[in-house]
Structure formats: C-alpha cells, structure tokens
Student: 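Supplied in structure tokens, the structure appears directly below.
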2 protein chains.
Amino acid sequence: MSATRRRAPGGRDESRPHEPGTPATPVIPEATVARLPVYLRALTALADAGTTTCSSEELATAAGVNSAKLRKDLSYLGSYGTRGVGYDVEYLRYQIAREIGVTQDWPVVIVGIGNLGHALANFSGFRSRGFRIVALLDAAPERQQEEVAGLRVRGFDEVDALVAEHQVAIGVIATPAAAAQAVCDRLVTAGVTSILNFAPTVLAVPEGVDVRKVDLSIELQILAYHEQRKAHAAPIPGEGLDRVEESA
Amino acid sequence: MSATRRRAPGGRDESRPHEPGTPATPVIPEATVARLPVYLRALTALADAGTTTCSSEELATAAGVNSAKLRKDLSYLGSYGTRGVGYDVEYLRYQIAREIGVTQDWPVVIVGIGNLGHALANFSGFRSRGFRIVALLDAAPERQQEEVAGLRVRGFDEVDALVAEHQVAIGVIATPAAAAQAVCDRLVTAGVTSILNFAPTVLAVPEGVDVRKVDLSIELQILAYHEQRKAHAAPIPGEGLDRVEESA
DNA sequence: ACGAGTTTGTTCTCCAGTTCACAAACTCCT
DNA sequence: AGGAGTTTGTGAACTGGAGAACAAACTCGT
C-alpha cells in the first residue's frame, strides 16, 4: 500500500505527492482531523517566531501531544517530512491548511446575536483562518437595528436568500435552546450542511449534515466532576497549597 | 485483516488490580463522564415536562445517544433503575447531579472580560448548574471601571486574595492567547486546580491541575474539513475544483 | 399465583485510537 | 566514500470505548 514515492531532496514544492485530481480518499481518522488545527496553529506560531524547520518532537511539544502520535497523524496526510532532518515549517503548514480546507474561503452565517453571538461576530480568529462572516441573523426586530462587527443584523427570514447568495455551507447557532432546533431546520432547508451549535440542546439533523456542539456548562461540569474527585481523594484536609509533582 | 490475537486463555489473571484500600472509587470512564451532563439536562427537561418515569430508550433519544450506551453509562453510577419499569426521573436526576458534583456550589472566577468574557459572565447556564461566578478579572485598568453581570471587574492582581477568600477551585480563561499562559500560572499558584481555557493556545500546567479547552476556530476547521470532503465527493463529477456546493 | 411481557444491567465481541519500537532514509564528519 | 548520529514513517501490540445480545428482575393480567 505504501507508495514509496521519492521526493527530490530539498525540494519544497518540486514534486507534489498529491495529484490535483486525486480520486482516492485518504480517509483520515476523526481523532486526527480534530488535532490538525492544533498542529496548524503550532506551525504558524513557529513560523512567526522565524523557525524554518522543526522536528516532530518540537512540534509535538508545541501542540501538547506525544511525538509518536504527531508523526502518525501527519503520516495520514503523506510524507511531508525529511528523515534525519524534520519538517519544513512553511511547507507542512501549507499542506495541513490545504487538507483541512482553510486555504479556501468559507462563508459563515451566525444566528442569534445575543451576548455570545456578539462575541463570536467579533472573534478575530475566524477571519484569520478563512472563515468569513457574511451575515448576522436574529429574530428579534430590535436587534436588527444594531450594527455588530461592521455588519447590520438582519432578520432571520432573510436566511434563505443570504445562504443562497453567498453559497453558505456553515452556520453557527447561538440562540437560546428553545429556538435552536427550529433555526437548525431552517438553516438546513436553506442549504447549510455544517452547523456549529452553541445552544445547550441536542439537534436532530438529516443525513449528510454535520453538527458539532460547544457546550460551556458541560465543560464546567466535567471539570467539577474531576474536582470533586480530587477533593475526595485528598489525603490532606488542610489548606494544601503546595502540590506535589511526582511520576506515577 | 487477520484476527487480532485474543487474550491468552487462562494466561492472565482476571482478578482486578483494584486496591482494597480504595473502596469509594467507582472509576467512571472519561467518555461517560462527558455524557453525564447531557443526561442531566435531558432529565431536567423531562422533569419540567412533568414526566416522572422514563425508559432508557426515551432518555437516550432525548440525549441523542444509543440506549445501550446510556444504560452502560448509568450502570457505572449504580443500579438506579427498575427492571421492567425504567428510571424515576427525579431520582436519577439527583443521582447524576450528585455524581458530577453540581449539587454543590462551585465558585468560579473568569479572567479576561472582553467580548467573550462578557458573554460568559452573563451566561445563565452556569448559575443554574451550581457554578457561581465570584469574580471577574481583567488586567486592563479601563475595564475595571465596568460592571458586568452585576459584578465589578477587578484587577488581575487581586487574584490571590479572591481565590483564597472564596476557595475558588475553577478558573475560566478568556484572555487573548498571548496572555493565557501567564494567567494560567497565576491562577494555579493562587490555588485553582481546574481551568477552562477559551484562549487559542496550549496551556502547560503542573500535575494535578485539569485543563479543558474550548476552541471556536478549531471546531469550525473540523467542520470545514468535512465540508470540503462532501464537496469533493459531490455527485456532480464536473471540473469544479473550487467549492461547488449546490444540492438543489 | 403464575406466565407473558417489558426493561434494566452486564457480558462479550469488535473497532478506533494510542503507544511502542524499529527499519528506512537523510545529514554530517572524518 | 563510509560510518555515526538523527529523525521520520509505519507495522504491531495494547487500550478504551461502542454496540449487540441476553439473563435477571420487575409489572400486569388472568
């Protein structure tokens, strides 16, 4: 299976192991996909710091993972490193970006311009990664007067026209839980096929639509569980301010 | 492929390596812990709707999981159901809440009162689940004049006093990435042992401190990857190398 | 009281993901 | 050129979790 294709030594973009019309589907594991953005960020940081080459060990440390896992993850994309040397930061950065799809422009709509919607609209991390917010939608008429992050808030009934006009594939739901499913249904009908859901509810979507949820209170509850655990297992009932780091 | 080698018959002892000195360690799998808050919310919704009893099938549907998985998850907590009947909604809700720890009061500090910090401070889902925001901290002096969600924003240098005073174990970081590690270090020094990180950076913490991260742009990037995939596998075998996303 | 029907709790099997370990491949030094 | 030193890429074992299947335990009707 391993197509031992040789690359010209030192050639950055000389021979592309990835043909432009690749018919094969590399089938990258889901867990790896979730880590690729982390690697991408670490590589960008390294590039900004002037680093041109890095080993899997360095990059793994920067990304907070184990180096073996990093290498295995990268191996799903192809052989972009050089044995005995490491990875070319810029080259690898581009390859990961291309694989994830952030070299393209992704128009995004945000629905629900409350506190969270405001924060999301103003979040700079979206635009810098290829996500362009093309519309902010809210059902409340009083919000539609506002201008947020340089965009006028529009009525939710404009969703079909806006999604069609900008070819929006990704929608962000930041509404109250009660409205989320209805909003989701409308988005899907309008043509959105990927949804990032901040509302604390489980969304039902048809086949072919991806949903990812970000749930703030769930994250805190998971922390609380472990915190409670620590408290129970704490041998020192006093004010243990000093913590011991010991190898298990 | 060839069948993976099964366990040597009789070779390994099947006795649990369970220490007899730790009687109260139910060792709940991490994946289960992450789902318990979802079950809790589903149960609360059922209770609000007046339901007093539910089957694993009903609850699983409400939580968006498979019923076998739900039952297995609940079995780690104990036998709180009745065969042939189902689960008492209120009783199970309490048991899960107790297991997670949300029956207690968890004081929380939020550091970084920008757009996101504002939204988090105003998020009602925290207080309703036992998380009490006791302080909002920000390094910028101009923000310290503000009052957000009924709390005056305080300077970050008050962190030690506030954490000690309210016995804060959980901290939320909503600062820019550049400040996150320094803030994290200060929080840990002050006594915080669980951190929810919204800053787009990898935090290094000593042993015994838990970190969970919520990364908005990573979530979008994961969606973009799958979206790109869908586009490539599009039913229309045209020449469109750019994103052609019409499912008319 | 007893059998039929229902639903939980648990066991078993399977799969994805992680980690280990090492050959292959590259650079550098002599 | 050749050997020593590095570092990648990957086969293989190992771990944890998911799902199917089923016995145990309960209710209800007769």
Side-chain angles (χ1 to χ4, degrees), chain A residues 1-12 14-15 17 26-36 38-39 51-61 63-89 91-92 95-96 248, chain B residues 1-9 11-12 14 16-17 26-36 38-39 51-61 63-89 91-92 95-96:
Chain A
M1 261 78 79
S2 61
T4 55
R5 47 166 68 87
R6 303 177 56 87
R7 301 206 306 110
R12 291 187 308 230
E14 207 260 341
S15 71
V27 70
I28 299 178
E30 199 48 42
T32 297
V33 171
R35 281 187 295 267
L36 290 180
V38 180
Y39 303 153
T51 311
T52 59
T53 300
C54 71
S55 67
S56 64
E57 197 69 52
E58 289 173 81
L59 184 53
T61 301
V65 301
N66 166 313
S67 71
K69 182 155 38 175
L70 172 81
R71 288 201 300 278
K72 176 143 266 193
D73 283 342
L74 294 184
S75 76
Y76 291 116
L77 309 190
S79 292
Y80 294 136
T82 308
R83 301 183 185 206
V85 179
Y87 300 93
D88 180 283
V89 170
Y91 180 62
L92 182 59
Q95 293 298 339
I96 293 179
Chain B
M1 296 306 180
S2 64
T4 53
R5 195 169 67 85
R6 298 171 200 276
R7 289 180 188 282
R12 289 291 179 186
E14 61 192 48
R16 245 182 230 170
V27 67
I28 299 178
E30 200 48 41
T32 296
V33 171
R35 281 187 295 265
L36 290 180
V38 181
Y39 303 154
T51 311
T52 60
T53 299
C54 71
S55 68
S56 65
E57 197 68 53
E58 289 174 81
L59 183 53
T61 302
V65 302
N66 166 312
S67 71
K69 184 157 37 175
L70 171 80
R71 288 200 300 278
K72 195 173 205 178
D73 284 341
L74 295 184
S75 75
Y76 291 116
L77 310 190
S79 292
Y80 295 135
T82 307
R83 302 182 185 205
V85 178
Y87 301 94
D88 181 282
V89 170
Y91 180 62
L92 182 58
Q95 292 299 340
I96 293 179

Student: Determine whether a donor-acceptor pair (N or O, by modelled atom type, separation under 3.5 Å) exists between the side chain of A/T82 and the backbone of A/V85.
Tutor: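 Absent.
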Student: B/L74 has an atom CG; how far is it from atom P of C/dT7, in whole Å?
Tutor: 16 Å
Student: When only distance counts, do a donor and an acceptor, one from the side chain of B/K72 and one from the base of D/dG19, lie under 3.5 Å apart?
Tutor: yes
Student: In whole Å, I'd like the distance from the CD atom of B/E30 to the P atom of D/dA18.
Tutor: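 Rounded to whole Å, this separation is 12 Å.
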Student: A/I96 and A/L77: which non-hydrogen atoms are nearest, and at how many Å?
Tutor: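 Looks like CG1-CD1, 3.7 Å.
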Student: Between C/dC20, D/dG9, C/dT8, which one does the side chain of A/A68 approach most closely?
Tutor: C/dC20
Student: Please give, in whole Å, the distance from D/dT8 C1' to A/E58 CD?
Tutor: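 Distance, rounded to whole Å: 14 Å.
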Student: Does a side-chain N or O of A/S56 approach OP1 or OP2 of D/dT8 to a distance below 4.0 Å, or not?
Tutor: yes
Student: Is B/E57 touching bases, backbone alone, or none of the nucleic acid, heavy atoms closer than 4.0 Å?
Tutor: nothing
Student: Apply side chain to side chain donor-acceptor pair (under 3.5 Å) to A/T61 and list each qualifying residue two or more places apart in sequence or on a separate chain.
Tutor: none
Student: Atom NZ of A/K69 to atom C1' of D/dT7: distance rounded to whole Å?
Tutor: 20 Å
Student: Scan nucleotides 22-30 of chain D nucleotide by nucleotide, 5' to 3', and note B when protein non-hydrogen atoms come under 4.0 Å of the base, S if they reach only the sugar-phosphate, - if neither.
Tutor: --BBBS---
Student: Can you check whether B/Y87 has a side-chain N or O nearer than 4.0 Å to OP1 or OP2 of C/dG9?
Tutor: yes
Student: Without decimals, in angstroms, what is the distance between A/I28 CD1 and C/dG17 C1'?
Tutor: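 That distance rounds to 15 Å.
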Student: In whole Å, what is the span from the CG atom of B/L70 to the P atom of C/dT8?
Tutor: 8 Å
Student: State the OH-CG distance between A/Y87 and A/L59, to the nearest 0.5 angstrom.
Tutor: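 The CG atom of A/L59 is 8.0 Å from OH of A/Y87, to the nearest 0.5 Å.
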Student: Between A/D88 (CG) and D/dT8 (P), how many Å, whole number?
Tutor: 13 Å
Student: Quick check for you: among C/dG9, C/dC20, D/dA18, whose closest atom lies nearest to any side-chain atom of A/N66?
Tutor: C/dC20
Student: Rounded off to whole Å, could you give me the CZ-to-P distance for the A/R35 and C/dA16 pair?
Tutor: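 Spelled out: CZ on A/R35 to P on C/dA16 is 15 Å.
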Student: Could you give me the CA-CA distance, side-chain angles and deciding distance for A/T52 and A/V89, then say whether side chain to side chain contact (heavy atoms under 4.5 Å, CB included) is met?
Tutor: CA-CA 5 Å; A/T52 59; A/V89 170; 5.7 Å; no
Student: Could you tell me which residues satisfy salt bridge (charged side-chain N to carboxylate O under 4.0 Å, His left out) with B/R35, sequence neighbours excluded, listed by chain and number?
Tutor: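 For B/R35, the residues satisfying salt bridge (charged side-chain N to carboxylate O under 4.0 Å, His left out) (neighbours in sequence not counted) are B/D73.
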Student: Using the ring centroid of each side chain, check whether B/Y91 and B/Y80 are separated by less than 6.0 Å.
Tutor: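 Yes - the distance between ring centres of B/Y91 and B/Y80 falls below the 6.0 Å cut-off.
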